[in-house]
Amino acid sequence: MGLKTSELSFDERVKNAKKDKFMRASVAKAQDAQFEKRTRAREQLGHWNEWRELGEQIRQHAVKHLPDYLEEFSENVQKNGGHVYFAKTDADATAYIKQVAREKNIKKVVKSKSMVTTEIDLDKELLKIPGLSLMETDLAEFILQEDDWDEPTHIVFPTLHKNRDQVREVFQKIGYEGDNDPERMGRFARSYLRKYFMEADLGITGCNFAIADNGMINLVTNEGNADLTMALPKTQIVVMGMERIVPGLKEAEVLDNLLCRSAVGQKLTSYCTFSAGKLDDELDGPEDFHVVIIDNGRSNALNTVFEQILQCIRCGACLNVCPVYRQIGGQGYGSIYPGPMGAVLSPILDGYENFGELPYACSLCGACTETCPVKIPLHDLILEHRKVEMNKLHLDHSLNNVIFKTISVGTKTPILFKGALMGEHLAMKPFSNKKENSVENLYPEGKIDKVPKIAPKLIHGWVDVRDLDEPPKLRENFRHWYDRHEKERKRGEQND
């Protein structure tokens, strides 16, 4: 499975990401710019929360009746002369697509941007066929491919981590001799890709939404490459996650409006296309049309608390408001699905053993839930993952687990809890650091900003990045303060 993008540990990935100052600045700039554009676009649409509720209803209805709509869609594709293949796993999907490529004696493949094809590692699987070459035609994906298959950092803006000089260096590998001007580099890429389009005999696309009642697919793109990928090659293969189904065109229209405004802050992106196989009276389009519908772990979410993640329309809005994503970018997650939606989806698709850290890459601030155009309670689902890991699977066997169990016993036992209150001030006093009261120092009475290296990781995880107030003296803690004020209040009532 191509879901996992790195063999480094989560801590190592985060350290590497924090060192990439350009990436972090680019992510922050993009988040700020998208916030303004997204807000304006949603305000122009009007009644945004009502649109969200409608989008939520459409997606929940489609997921609840998934088998029925998939069957209807499949029948309509076949009525139009196409072929449908249901793939249980990534291996099933790639095997079918490779079989089609071999039977058709495919030599050149063009692809438009598709997260699900990256999820199943389709590019590298197809390139195992002797004599076959493949080109990613989305500009960002094209750059990543030519840069030795670098991993994306965002599901909508894959090359957010690269500057124009880095892109120029990539293009120089394939013959570019100009400067780092974006317009000139864009013209070079268009010229380079156009020749490949004219020679391609297989086009592969993803699918934003599949229309059940007419067998068409809906693609929403910012470039014309997807339309060329569908129109020019004689064979087309559409690869879609099984949840990307809607009942009809009117539902797709609603979701397209939500998607475009949430993904890039536009009324509609440059191209909103509905396509199927070529009909007898049409000039353009594929003569051989295939749709590969992939499960690949999605059914793990059905009829569980995590079923709501199947509502996701892959707009990336949750990434654009996430404070954790702002600091570590997409590659820090180690999954092709980063950010809050990836923290929920990745463990479902490929298990906690590979992505068990991701639910903890979250502050639970709820900004993702607030912005989601189809109202997925993302931060609640992330918390549910933590509950599963800790309470059901008992995956934490570290010293932290022992510490939490000890704390649990201590807080539930009055004599131990009172003993801790008596000793906490003296125990932490050696690590306290007093500074003058100022805007930057919220704790003039003393704060703890460093502890010995031998202290548990749990403690370092807090004090290495946050200020911790020095525990008060016994007679000054909250319980004593409350007792004093309660006595004063009662005396005041008696005097009245």
Side-chain angles (χ1 to χ4, degrees), residues 27 29-64 69 113 115 138 154-157 160 206-214 216-224 226-227 240-241 243-275 308-323 325-326 339-341 344 365-381:
V27 168
K29 182 178 180 181
Q31 282 191 331
D32 294 342
Q34 283 300 311
F35 181 86
E36 295 178 4
K37 292 175 64 178
R38 186 172 61 249
T39 302
R40 284 198 302 269
R42 290 173 171 179
E43 288 175 349
Q44 290 170 357
L45 183 63
H47 306 288
W48 177 247
N49 280 325
E50 294 178 20
W51 279 87
R52 289 179 73 207
E53 289 172 3
L54 182 57
E56 178 189 30
Q57 292 168 11
I58 292 170
R59 294 302 296 130
Q60 286 185 349
H61 174 78
V63 171
K64 290 294 183 185
Y69 284 123
K113 181 177 177 296
M115 294 302 296
D138 174 86
H154 195 287
I155 64 172
V156 179
F157 315 108
L160 194 57
C207 172
N208 287 98
F209 306 108
I211 317 300
D213 65 5
N214 62 16
M216 300 183 78
I217 65 156
N218 176 204
L219 276 179
V220 181
T221 59
N222 285 306
E223 304 169 26
D227 285 2
M240 58 173 277
E243 79 282 11
R244 309 308 293 276
I245 195 87
V246 293
L249 284 170
K250 62 181 181 180
E251 288 83 10
E253 181 185 4
V254 171
L255 295 176
D256 281 344
N257 272 283
L258 293 169
L259 173 62
C260 298
R261 285 167 171 78
S262 298
V264 288
Q266 297 177 359
K267 294 180 181 178
L268 282 177
T269 44
S270 301
Y271 301 89
C272 186
T273 307
F274 294 85
S275 174
Q308 294 168 97
I309 192 60
L310 299 181
Q311 296 170 208
C312 179
I313 60 175
R314 305 292 193 272
C315 66
C318 59
L319 281 70
N320 296 335
V321 297
C322 177
Y325 178 83
R326 190 182 185 97
M341 57 83 63
V344 177
C365 68
C368 52
T369 298
E370 182 65 25
T371 197
C372 178
V374 289
K375 301 187 71 173
I376 304 172
L378 287 161
H379 74 289
D380 289 334
L381 297 182

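Side-chain contact check for Asn208 versus Ile313: every heavy-atom pair is 4.5 Å or farther apart. Looking at Pro377 and Gln308, their side chains come closer than 4.5 Å, going by heavy atoms from C-beta outward. Side-chain atoms of Ile309 and Leu378, non-hydrogen and from C-beta on, do get closer than 4.5 Å to each other. No side-chain heavy atom of Leu54 sits less than 4.5 Å from a side-chain heavy atom of Glu50. Side-chain atoms of Asn214 and Phe274, non-hydrogen and from C-beta on, never get closer than 4.5 Å to each other.
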_Applying side chain to side chain contact (heavy atoms under 4.5 Å, CB included) to Trp48 and Leu258, what does each step give before you reach the verdict?_
CA-CA 9 Å; Trp48 177 247; Leu258 293 169; 3.4 Å; yes
*Are Trp51 and Arg261 close enough, and set up right, to give a side chain to side chain contact (heavy atoms under 4.5 Å, CB included), and what steps lead you there?*
CA-CA 11 Å; Trp51 279 87; Arg261 285 167 171 78; over 6 Å; no
*asked:* The test is side chain to side chain contact (heavy atoms under 4.5 Å, CB included); show your working for Thr221 and Lys113 and say whether it passes.
replied: CA-CA 9 Å; Thr221 59; Lys113 181 177 177 296; over 6 Å; no
*For Asp256 and Glu253, run side chain to side chain contact (heavy atoms under 4.5 Å, CB included): C-alpha distance rounded to whole Å, both residues' side-chain angles, the deciding distance at 0.1 Å, then the answer.*
CA-CA 5 Å; Asp256 281 344; Glu253 181 185 4; 5.7 Å; no
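The side-chain hydrogen bond (donor to acceptor under 3.5 Å, both in side chains) test with Asn320 singles out one residue from Lys37, Arg326, His154, and that residue is His154. The residue from Arg38, Arg42, Arg314, Arg52 that alone fulfils the side-chain hydrogen bond (donor to acceptor under 3.5 Å, both in side chains) condition with Ser262 is Arg42.
In terms of modelled atom types and a separation under 3.5 Å, the side chain of Asn218 and the main chain of Thr273 share a donor-acceptor contact. Checked by atom type and distance alone, the side chain of Glu243 never pairs as donor or acceptor with a backbone atom of Val63 at under 3.5 Å. Glu251 places a side-chain N or O within 3.5 Å of a backbone atom of Gly248 that can act as its donor or acceptor partner. With hydrogens and angles ignored, the 3.5 Å screen pairs no side-chain donor or acceptor of Thr371 with any backbone N or O of Cys318.
Shown here is Glu370, whose CD atom has no more than 12 heavy atoms of other residues, nucleotides or ligands within 6.0 Å.
For the residue pair Glu56 / Gln311, no side-chain donor-acceptor distance below 3.5 Å is found, with atom types taken as modelled.
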